[in-house]
Amino acid sequence: MWGFTMMYLLAIAFIFNASILSTSTIAESWFVTFDLNQDGFVSFDELIAANFLTTNEAFRAADLNRDNLLDKLEFFSPILRSDN
């Protein structure tokens, strides 16, 4: 679900901003939006604080190295691995 939600949000952002921003710029802006403390990682608490609806299970599935933080690759990996 987390991957589908993020893919949906990126698709909407892309459709409305395609003439202005590249997809990578949009993706970067999403990461920066959720990285509330600007440490280069997104935690589960940051996602919740930013009102991003996800589950702990979805977060853990995206956290490939199990450090309880998502780097940029992990943050977007559910989109790449999504079956939706």
Closest heavy-atom pair and its distance - [X], [Y]:
X     : Y     : answer
Ala50 : Phe34 : CB-CD2, 3.6 Å
Leu73 : Asp71 : N-OD1, 3.1 Å
Leu69 : Ser43 : CD2-CB, 3.9 Å

- Consider only side-chain heavy atoms of I, L, V, M, F, W and Y, link residues closer than 4.5 Å, and tell whether Ile48 and Phe59 are in one cluster.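 Cluster IDs for Ile48 and Phe59 match.
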- Calculate, to the nearest 0.5 Å, the distance between atoms CG and CG belonging to Asn68 and Asn56 respectively.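 One gets 8.5 Å once the value is rounded to the nearest 0.5 Å.
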- Query: How far does CG of Leu47 sit from OG1 of Thr55, to the nearest 0.5 angstrom?
  - Reply: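 Nearest 0.5 Å value for the CG-OG1 distance: 10.5 Å.
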Donor-acceptor under 3.5 Å ([X] side chain, [Y] main chain):
X     : Y     : result
Asp35 : Val42 : no
Glu74 : Phe41 : no
Arg60 : Arg66 : no

- Task: Evaluate whether atom CD of Gln38 has more than 12 neighbouring non-hydrogen atoms of other residues, nucleotides or ligands under 6.0 angstrom away.
- Result: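 Counting other residues, nucleotides and ligands, CD of Gln38 stays at 12 neighbours or fewer.
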- Phe76 and Phe31 aromatic ring geometry - parallel, tilted or perpendicular at 30°/60° bounds: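 The rings of Phe31 and Phe76 sit tilted, inter-plane angle from 30° to 60°.
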